[in-house]
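One structure below.
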There are 2 protein chains.
Amino acid sequence: MFHNDKSSPSSKQEERLSLLLWFRLSRFYNQSLRRSNFHLKKWGLTVAQFDVLVQIGTHQPLTQKELAAKLFVTKGNMTQVLGRMEELGWIKREQEWKTKVLSLTNLGKEMYEDVVPHQEQFQASQFQGLTKEEQKQLLDLLRKLQHQNNNAEELE
Amino acid sequence: MFHNDKSSPSSKQEERLSLLLWFRLSRFYNQSLRRSNFHLKKWGLTVAQFDVLVQIGTHQPLTQKELAAKLFVTKGNMTQVLGRMEELGWIKREQEWKTKVLSLTNLGKEMYEDVVPHQEQFQASQFQGLTKEEQKQLLDLLRKLQHQNNNAEELE
DNA sequence: TTTTATCAGTTTAGGTATAAACTGATAAGG
DNA sequence: CCTTATCAGTTTATACCTAAACTGATAAAA
């Protein structure tokens, strides 16, 4: 983790700005998460489960490691969430070589078809405070942040 | 929760965009949270505890309800986090009328003075993929989102 | 004064997340 | 062939967070 020593005419201010950014981000994230969870309750889903459903649904087949990497969470976390979803009959895990291959069951597919459009619509309502242009800007900024941060990070 | 019915020439796309935004946001948030937790471990703090420390440190005195509102979390959550921090001797809770007034202990103040500058610097490094201008843009977009969403929401 | 509302904070049950230690199977080197 | 790495996934302990039910005290209404 480097830091840029030639910057700093007013680097104190930049630090304050970053702290503020973090606060704003986590407040908004918390709020969104809570509302999404509430919305998804109609289908008996949580946000974590919805995320998994979408990833498997669109990238099937997928191993647990790949899934964890896509969602930026630990593999230990995946074990837990997938365990619950398997019990509920939404996904299958099949041992193959040394990995487990994930796929949706029929029930999971139905769930996917049904819930994704509703959740898309709901998410749209969460971001309607921004114009389409602003939404694209936001996406762009987040993409840049991700790129910066992906150098030399491996999640264990 | 309204939605804007007169929009939609290409509202399908906007919905896709929103889902993408959500994914990006939560990936970045997860990653940041994990790194911040790792960084704060040097002081034996978690991010949740750091947030509380900052809020009490800068807005002292404060009730639990006010704190929960500032952090956009539930009061039940506050009870837990504050309980742990009280045990560790960083904060005090004093019953007053029907509320509990929060303040930092001496130990808590020392912690605050020591950790805040380091964490500011660390957060700056997390956002260094963006120019100062872009960081302000991001802050601005997050502010707009917050405003939209604050209409008619009370957290219980 | 007694009853009823209200309201801050607590408790409980359950899902989510991490880090760190562990398991068991494949693969690589001796 | 046997030993040692490696690597996907699991387990365990701990913290976070929520929703929902509960407690106990103040305040308002009867």
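Residue numbers start from 1 in every chain, and the chains themselves are labelled A, B, ... in the order their sequence lines are given, proteins ahead of strands. When reading the values below, keep in mind they use all heavy atoms of this one structure, side chains included, and skip hydrogens, waters and symmetry mates. Because the structure is a prediction, the values reported are computed rather than measured.
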Problem set entry | Any N/O donor-acceptor pair, B:Lys100 side-chain to C:dG9 base, under 3.5 Å | no
Exercise. Between the side-chain atoms of A:Gln80 and the base atoms of D:dT11, is any donor-acceptor pair under 3.5 Å?
Worked result: no
For this session: Before accepting this row, confirm whether a basic side-chain N of the pair B:Lys100/B:Glu94 lies closer than 4.0 Å to the acidic partner's carboxylate O.
Result: no
Problem set entry | N-O pairing of B:Glu86 and B:Lys92 below 4.0 Å | no
So which nucleotide from [options] ends up closest to the side chain of [X]?
X: B:Arg34; options: C:dG9, D:dA19, C:dA19; answer: C:dA19
X: A:Thr99; options: D:dG9, C:dT18, C:dT16; answer: D:dG9
X: A:Thr79; options: D:dA8, C:dT10, D:dT11; answer: D:dT11

For this session: Name the residue closer to the 5' end of DNA chain D, choosing between A:Gln64 and B:Val47 according to the nucleotide with the nearest heavy atom.
Result: A:Gln64
Exercise. Should A:Met85 and A:Leu107 be regarded as members of a common hydrophobic cluster, given that ILVMFWY residues are connected when their side-chain heavy atoms come within less than 4.5 Å of each other, either directly or indirectly?
Worked result: yes
Exercise. Would a hydrophobic clustering, with Ile, Leu, Val, Met, Phe, Trp and Tyr connected at side-chain separations under 4.5 Å, put A:Val101 with A:Leu82?
Worked result: no
Exercise. Can you check D:dA21 for me, syn or anti if syn means within 90° of 0?
Worked result: anti
Problem set entry | Nucleotide paired to D:dT18 in any strand shown, Watson-Crick or G-U, under 3.5 Å | C:dA13
Seminar exercise, completed: pair_partner(C:dA5), Watson-Crick or wobble, both distances < 3.5 Å, evaluates to none
For the pair made of [atom1] in [X] and [atom2] in [N], what is the distance, rounded to whole Å?
X: B:Glu66; N: C:dC7; atom1: CD; atom2: P; value: 15 Å
X: B:Leu82; N: C:dT10; atom1: CG; atom2: P; value: 8 Å
X: A:Phe72; N: C:dA19; atom1: CZ; atom2: P; value: 14 Å
X: A:Met78; N: D:dG9; atom1: CE; atom2: P; value: 11 Å
X: B:Leu45; N: D:dA15; atom1: CG; atom2: P; value: 13 Å
X: B:Asn37; N: D:dT14; atom1: CG; atom2: P; value: 17 Å
X: B:Lys75; N: C:dT6; atom1: NZ; atom2: C1'; value: 11 Å
X: A:Leu33; N: C:dG15; atom1: CG; atom2: P; value: 15 Å

Problem set entry | Geometric class of the B:Phe122/B:His39 ring pair [parallel <30°, tilted 30-60°, perpendicular >60°] | parallel
For this session: For B:Thr46, answer base if it contacts any base atom (sugar-phosphate contacts may also be present), sugar-phosphate if it contacts only those atoms, and nothing otherwise; contact means non-hydrogen atoms under 4.0 Å.
Result: sugar-phosphate
Exercise. Touch check for B:Gln49, heavy atoms < 4.0 angstrom, all strands: base, sugar-phosphate only, or nothing?
Worked result: sugar-phosphate
Please check the phosphate of [N] (OP1 and OP2 only) for any side-chain N or O of [X] closer than 4.0 Å.
X: B:Thr74; N: D:dC17; result: no
X: B:Asn77; N: D:dT18; result: yes
X: A:Lys41; N: D:dA20; result: yes
X: B:Arg93; N: C:dT10; result: yes

For this session: Would you give the length of the straight line joining atom CG of B:Asp51 to atom CD1 of B:Ile56, rounded to the nearest 0.5 angstrom?
Result: 11.0 Å
